[in-house]
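Okay, so here's the structure we're looking at.
Keep in mind that this is a model prediction, so the values were computed, not measured. Convention: sequence-line order gives letters A, B, ...; per-chain numbering from 1.
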Number of protein chains: 2
Amino acid sequence: MDTKQILTFDLPDKVLTSLPTGAVKDTVEQLGKSIVQGVYETDAVLPREEELVEKLNVSRTVVREAVKVLCGKGLVRTARRYGSRVCPFESWNLLDPDVIRWHDPNSPRTARIYAEATDMRIIFEPEAAALAAKNASREQRDLIVAAAKGIDPKHGDAAMIGADYTFHATILQASGNLMLSQLQNIVYAVILFSYSAGRFAAPEEKVVQRLHVGVAEAIDNGEADLARKRMHDMLKANQAMAREFAAIAK
Amino acid sequence: MDTKQILTFDLPDKVLTSLPTGAVKDTVEQLGKSIVQGVYETDAVLPREEELVEKLNVSRTVVREAVKVLCGKGLVRTARRYGSRVCPFESWNLLDPDVIRWHDPNSPRTARIYAEATDMRIIFEPEAAALAAKNASREQRDLIVAAAKGIDPKHGDAAMIGADYTFHATILQASGNLMLSQLQNIVYAVILFSYSAGRFAAPEEKVVQRLHVGVAEAIDNGEADLARKRMHDMLKANQAMAREFAAIAK
DNA sequence: TTTTCAATATTTGTCGGACAATTACTGAAT
DNA sequence: ATTCAGTAATTGTCCGACAAATATTGAAAA
């Protein structure tokens with residue numbers, strides 16, 4: 001693999017939503033986002049099926065199938081004569097790719113989720129890095145190294161985010177654990193959050209790249225303990241910067 | 001709280017399934033289990049909607065709503081003229097409570113999932129224990145201690161499983177991180193798997209109880225580092241025993 | 001006035017049928 | 001053997017009707 005050629009990385013066009021394109025998918029997206037972003041508060045009743053039919057210009061069939069999908073993700077609960085109500089926050093499937101994605105990075109309401117997601121990353125990603133150092137394929141090691149080098153401001157924000165995500169997602173995949181691998185949705189959400197509204201530490205971008213390359217090289221060399229430590233230190237530093245930024249923003 | 005009174009713990013009757021009781025829920029359960037347990041292999045087409053209508057004795061409306069829910073969990077994918085096909089394993093939402101629960105503990109096919117779930121537990125439960133030592137409320141600390149003491153063979157299998165689950169679930173809740181808390185579904189599945197078919201190490205039950213009590217006391221005393229270490233050692237020991245058992249079974 | 005209880009209204013749940021849209025499949029023509 | 005148009009099969013969407021459950025209401029009773 002020619003790493004010289006791989007300098008930019010696209011964002012995943014479809015981080016996931018298994019529903020096929022169509023009216024149901026659009027309706028799920030719209031209702032899901034509205035709920036997650038707080039348009040309807042906890043225990044609030046959604047508009048009646050009939051009203052949603054008018055508002056969204058779809059048939060009742062579509063509305064019902066969409067609401068059922070949201071039930072399956074723990075967002076709403078329905079009953080006869082009771083309406084469809086928003087479930088309390090704790091019962092949402094926060095690890096569902098869609099539910100994660102629907103959070104609005106710019107809403108102060110979701111700040112808690114991102115803080116907790118960051119804590120999750122600090123727990124899982126160091127171990128994933130250690131596993132990747134042991135289990136990654138040749139191609140995965142190359143990709144991890146190339147992505148780390150691609151985290152460079154000179155490529156623009158989009159390419160930087162893409163490289164950042166590719167780096168972390170590939171490490172999770174290379175761990176060989178499917179559940180661990182699925183946490184890349186959390187990583188993706190946190191990265192988007194970090195970069196949106198200029199939350200990333202602009203002046204220190206070179207430091208960020210250097211830290212990523214350090215982790216990548218440890219993985220590439222199969223040094224599990226070193227990879228674990230470097231990933232941990234990097235995420236901790238990142239968390240500290242984010243907290244500092246949040247404090248200033250207030 | 002009188003810990004003397006809390007000696008037995010019930011299993012959670014409803015570990016979760018947000019769908020309300022009714023034909024749709026039953027259909028989701030049946031189809032979901034069939035897929036997860038391997039009745040339909042990857043890329044296999046499900047019976048046509050019309051056939052499912054006959055087989056399950058429900059209307060097409062119900063079948064469609066159920067299939068849509070399964071789409072939302074990444075299990076199936078539908079298209080016109082294409083049928084509803086089982087998605088490849090990697091795209092399943094393995095962290096979804098229902099998807100976890102639908103795995104059959106007695107199927108050799110799902111052994112991999114339980115092995116990976118066990119690896120996951122070793123990663124996040126020690127950290128959860130450390131967080132719980134810092135953040136747990138008085139009631140949670142009492143409950144954790146009581147549950148640990150309740151892991152006693154003299155109460156029978158069901159009560160033992162209940163205490164075991166209560167112990168781990170309460171620790172995750174006490175961590176204060178909602179995402180971490182939702183991983184209790186993984187713990188529940190692994191515990192059921194461990195106990196089913198006599199996989200647990202019967203002669204050493206007292207050791208198991210002692211180890212749990214050790215973790216509980218560390219949490220109760222607010223000793224985060226000690227709690228982390230003890231939880232880690234306990235899970236590692238448990239994993240080693242499980243592997244030994246699996247090797248013998250072959 | 002408060003409580004109880006039956007009647008009512010409202011909302012989702014389920015059913016059935018019809019047609020649209022997409023695409024895998026078939027068979028003829030090249 | 002290949003291409004291509006036609007056909008058939010399957011899910012997608014719409015509609016209308018009624019069933020089931022329950023929140024609400026109002027009257028009767030204490």
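- An OP1 or OP2 oxygen of C:dA20 is reached within less than 4.0 angstrom by no side-chain nitrogen or oxygen of B:Arg80.
- Panel note: side chain A:Lys73, backbone B:Gly72; a donor-acceptor pair is recorded below 3.5 Å.
- If you check every strand for non-hydrogen atoms under 4.0 Å, A:Thr78 touches sugar and phosphate atoms only.
- The CD atom of A:Gln30 sits 13.0 Å away from the NZ atom of A:Lys25 when rounded to the nearest 0.5 Å.
- If B:Arg81 and A:Arg60 are placed on DNA chain D by their nearest nucleotide, the residue sitting closer to the 5' end is B:Arg81.
- Atom CG of A:Leu52 and atom C1' of C:dT11 are 13 Å apart (whole Å).
- No cation-pi contact links B:Arg121 to B:Phe124, judged by a cut-off of 6.0 Å to the six-membered ring centre and 45° from its axis.
- Proximity of B:Lys25 to the phosphate of C:dG13: no side-chain N or O atom is located under 4.0 Å from OP1 or OP2.
- With hydrogens and angles disregarded, a donor-acceptor distance shorter than 3.5 Å links the side chain of B:Gln140 to the backbone of B:Ser137.
- A straight line from CZ of A:Arg77 to P of C:dT11 spans 17 Å, rounded to a whole angstrom.
- When each of A:Leu183, A:Leu95, A:Ile123, A:Asp119 is checked for a side chain to side chain contact (heavy atoms under 4.5 Å, CB included) with B:Met179, only A:Leu95 meets the rule.
- In this structure, B:Glu65 places its CD atom 12 Å from P of C:dT12, rounding to the nearest Å.
- When each of B:Ser59 and A:Gly83 is assigned the nucleotide of DNA chain C with its nearest heavy atom, A:Gly83 is the one assigned upstream, toward the 5' end.
- Taking atom CZ of B:Arg64 as the reference point, atom C1' of C:dG13 lies 17 Å away to the nearest angstrom.
- Summary of the strand contacts: A:Arg85 and B:Glu50 both lie near DNA chain D, and taking for each the nucleotide with the nearest heavy atom, the more 5' one is attributed to B:Glu50.
- Other residues, nucleotides and ligands place more than 12 heavy atoms under 6.0 Å from the CD atom of B:Glu51.
- Whole-Å rounding puts the B:Leu56 CG to C:dT14 P distance at 13 Å.
- Protein chain B contacts DNA chain D over a range whose 5' and 3' limits, counting nucleotides with an atom under 4.0 angstrom from a non-hydrogen atom, are D:dA8 to D:dT13.
- When heavy atoms are screened at a 4.0 angstrom cut-off, A:Val67 is found touching no nucleic acid atom at all.
- Relative orientation of the B:Tyr114 and B:Phe193 rings is parallel, given thresholds of 30° and 60° on the angle between their planes.
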